[in-house]
Amino acid sequence: MRSWKMPVSVLLSLSLALAAPAGALTAWAGPGSTAEENALSEEQKARLTDGTLEFDEIAARIENYNVTYNNTKSTMLNAYLNLPAARTMAEEAADLMDEAYDIKDDGDRVLFEQYKAMSRALRKEAGKLSAKELKTPQKTTLAHVRKNLQKAVEDLVIRYDSTRANLDTVNQSVELSAQNLRSAQNRLAQGMASEADVLSAQQQLLGAEENQQQLSAGLSTLKSNILILCGYDPGSDVTIAPLGDPDLSKIDAMNLAEDTKTAVQANFTLNTTKQTGAKGAASRRQKQRNISSGEQTISAEMEKMYQDVLSAREAYRAAETNWQAAQKDMASADRKKSLGMLSSSAYLGMKASYLSAKASRESAALSLTKAVNDYEWAVGGLISTGN
C-alpha cells in the first residue's frame, strides 16, 4: 500500500479555482498540444494526411498544422489564460483519486467517499477549464491571422497551378523546338534551308530549354513554400491537386450591392478602427473620418474586384472559344499529316498554334479563379482600408 497525505494542496487549488474570475479559465491541454488535431474525425485526419493537398483542405491544414498560426494561438492563450494552474488541477485530481482508492483498500469507506467527492469536484473544475475559449476580440484576431494565411496559401496554389500549366506547355515547346531543329538540319542537308535557318532553330530550342529550367525551379520553390505553410516537411512527397475549371455559378450568384455591405461589416481593419477609443471632439471626428474613408475604400475595391471578375470571365470565354477551334484544327492537321497531305514544317506550325491556344486557355481559367477568390475574400473582410 502506498503512503498518502491529507490533500491540503488539492483543497487549496480547488478553492483558488472556484474563486478565480471566469476570464482566467481555459483548456488545460494548452497551446502546442494536439487538441485541435484531435478534434478532427478520423476521416478528416485521413483526408488531410493522404499525400494530396486539395484546395478545399487548405483552411484545415492551416488551422491544425501551420506553425505561424499555432504559435500565434499559443501566444494569445498564454497571455490570456492561466494554463499552468489548469494543468496542475488536472494532475492533482488524478493523484487525489489514486489516494482515494488506497484509502478504500484500508477499509475506511467514509474517508474514501470524501476523497472521491473532492476528486470529482476537482475534475469538474478542470472540465470547466477545458471548455473555456478565448474571448470574442481574441478569437476575431486569431481568425484574421488564419484567414490571411489561408488566402496567402491559396494565392500560392493558384500561382503553382499556373506555373505547372506553363511548364507543361514549355515542355511540349522544347520537344517541338527540337523537332524543328532536326527538320531544319535535314532541309539544310537537302539544300532546302540555310545555315541561318538552322541557327535560328538552335536559338529557339535554347530559349525554350532556358525557360523550362526557370519554370521548373520556380515550381519547386512554390511547392516548398506551400508545403511549409500547410505544415508539411518541404521535402514531403505531397501532390498539390490541380484546380480544374473555374466555377462560373459563383459569378452568377454575386450581388455587388449586398456583397459590399457584407464586406464593410466583416472588414477586420475597419472594425478595429470602430472599436478604438477616441477621447475629445477632435479625436472623435478623426475617428469618424477614418471610418468613412475606410468604407469608401472598401466600396471602391469591391467595385474594382467585381469588374475584374467580369473582365476575367470574358477573357476566359474568348480563350475557351479559341481553344475549341484550335483542337479542331489540330485534329484536322493530324489527319492530313497521316495522309501525307501536310509538310513537317506546316504541321509543326499548327502544333505551335495549338499549344499557344491551350496555354492561353489555362492562363485565362486561372486568372478567373483568382479574381473570383479575391472577390470572395474581400466579401469575407480581407480588404486593407489603409487606416
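For clarity, every value in this text was computed on a predicted model and none was experimentally measured. Numbers here simply count residues along the sequence, with the first being 1.
- No more than 12 heavy-atom neighbours from other residues, nucleotides or ligands sit within 6.0 angstrom of CZ on R159.
- For the pair L199/Q203, a side-chain contact is recorded, criterion being any heavy-atom separation below 4.5 Å from C-beta on.
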May I have the step-by-step check of ring-ring contact (aromatic ring centres under 6.0 Å, His included) for Y354 and W323, ending in yes or no? CA-CA 8 Å; Y354 168 84; W323 167 234; 5.2 Å; yes
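- Summarising the local packing, CD of E314 is surrounded by more than 12 heavy atoms from other residues, nucleotides or ligands at distances under 6.0 Å.
- Rounded to the nearest 0.5 angstrom, Q202 CD and S177 OG are separated by 12.0 Å.
- Using modelled atom types and a 3.5 Å distance limit, the side chains of Q307 and E303 yield a donor-acceptor pair.
- Between F55 and I58, the closest side-chain pair of non-hydrogen atoms falls below 4.5 Å.
- Summarising the local packing, NZ of K151 is surrounded by more than 12 heavy atoms from other residues, nucleotides or ligands at distances under 6.0 Å.
- Under the 4.5 Å side-chain contact rule for hydrophobic residues, I228 and V145 do not share a cluster.
- The ring-ring contact (aromatic ring centres under 6.0 Å, His included) pairs that include a residue from residues 152-173 number zero, where partners must be two or more places apart or lie in different chains.
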Quick one: do D374 and D155 satisfy side-chain contact (heavy atoms from CB on, under 4.5 Å)? Show the steps, please. CA-CA 9 Å; D374 287 346; D155 286 346; 4.0 Å; yes
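- Defined by atom type and a distance below 3.5 Å, a donor-acceptor pair is present between the side-chain atoms of R289 and Q286.
- The closest side-chain heavy-atom distance from L188 to D197 is not below 4.5 Å.
- With salt bridges taken as basic N to acidic carboxylate O contacts below 4.0 Å, one links K358 and E362.
- No chain of hydrophobic side-chain contacts below 4.5 Å, direct or via other Ile, Leu, Val, Met, Phe, Trp or Tyr residues, connects Y69 to F268.
- For the 3.5 Å distance criterion, the side chains of T169 and N166 fail to qualify, holding no donor opposite an acceptor.
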Check the pair L229, L156 against side-chain contact (heavy atoms from CB on, under 4.5 Å), reporting the backbone distance first and the verdict last. CA-CA 10 Å; L229 286 169; L156 285 174; 3.6 Å; yes
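- Atom CZ in R313 sits 6.0 Å away from atom CG in D252 (nearest 0.5 Å).
- Taken together through direct or relayed side-chain contacts under 4.5 Å among Ile, Leu, Val, Met, Phe, Trp and Tyr, M350 and L348 form parts of separate hydrophobic clusters.
- Shown here are the side chain to side chain donor-acceptor pair (under 3.5 Å) partners of D50, two or more places apart in sequence or in another chain: there are none.
- Under 4.0 Å is where a charged nitrogen must lie from a carboxylate oxygen, and between R164 and D161 at least one such pair does.
- In this structure, D233 places its CG atom where more than 12 heavy-atom neighbours from other residues, nucleotides or ligands lie under 6.0 Å away.
- Note that the CZ atom of R146 and the CD atom of E63 stand 6.0 Å from one another [nearest 0.5 Å].
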Test log, rule side-chain contact (heavy atoms from CB on, under 4.5 Å), inputs C230 and N66: CA-CA 5 Å; C230 288; N66 177 270; over 6 Å; no
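- How far CH2 of W377 is from CD1 of I383: 13.0 Å, rounded to the nearest 0.5 Å.
- Between V379 and M305, every side-chain heavy-atom pair lies at or beyond the 4.5 Å cut-off.
- Between D245 and R361 there is a salt bridge, since at least one side-chain N of the basic residue sits less than 4.0 Å from a carboxylate O of the acidic one.
- Using modelled atom types, one finds a donor on one side chain and an acceptor on the other under 3.5 Å when comparing D259 with Y375.
- If you check the side chains of N171 and E175, you find no donor sitting under 3.5 Å from an acceptor.
- At a threshold of 4.5 Å between non-hydrogen side-chain atoms, the residues L270 and N290 do not count as touching.
- Geometrically, R61 engages Y232 in a cation-pi contact, judged by NZ or CZ lying under 6.0 Å from the ring centre and within 45° of the ring axis.
- Considering only heavy atoms from C-beta on, Y347 comes within 4.5 Å of M330 through its side chain.
- L181 places a side-chain heavy atom less than 4.5 Å from the side chain of V198.
- The number of heavy-atom neighbours closer than 6.0 Å to NZ of K304, taken from other residues, nucleotides and ligands shown, is 12 or below.
- Between K370 and D308, no side-chain nitrogen of the basic residue sits less than 4.0 Å from a carboxylate oxygen of the acidic one, so the salt-bridge criterion is not met.
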Run the numbers on S332 and D329 for side chain to side chain donor-acceptor pair (under 3.5 Å), then give the verdict. CA-CA 5 Å; S332 175; D329 291 343; over 6 Å; no
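- Heavy atoms from other residues, nucleotides or ligands lying under 6.0 Å from CD of E43 number 12 at most.
- Here S220 contributes atom OG and L167 contributes atom CG; the two are 11.0 Å apart, rounded to the nearest 0.5 Å.
- Between E42 and K45 there is a salt bridge, since a side-chain N of the basic residue sits under 4.0 Å from a carboxylate O of the acidic one.
- How far CD1 of I251 is from CG of L310: 7.5 Å, rounded to the nearest 0.5 Å.
- For NZ of K287, the number of neighbouring non-hydrogen atoms (other residues, nucleotides, ligands) closer than 6.0 Å is greater than 12.
- Considering only heavy atoms from C-beta on, E54 comes within 4.5 Å of E57 through its side chain.
- Hydrophobic clustering keeps L205 apart from L355 (ILVMFWY residues linked when any side-chain heavy atoms are closer than 4.5 Å, directly or through intermediates).
- Between R284 and Q288, the side chains place no donor N or O within less than 3.5 Å of an acceptor N or O (distance only, hydrogens not considered).
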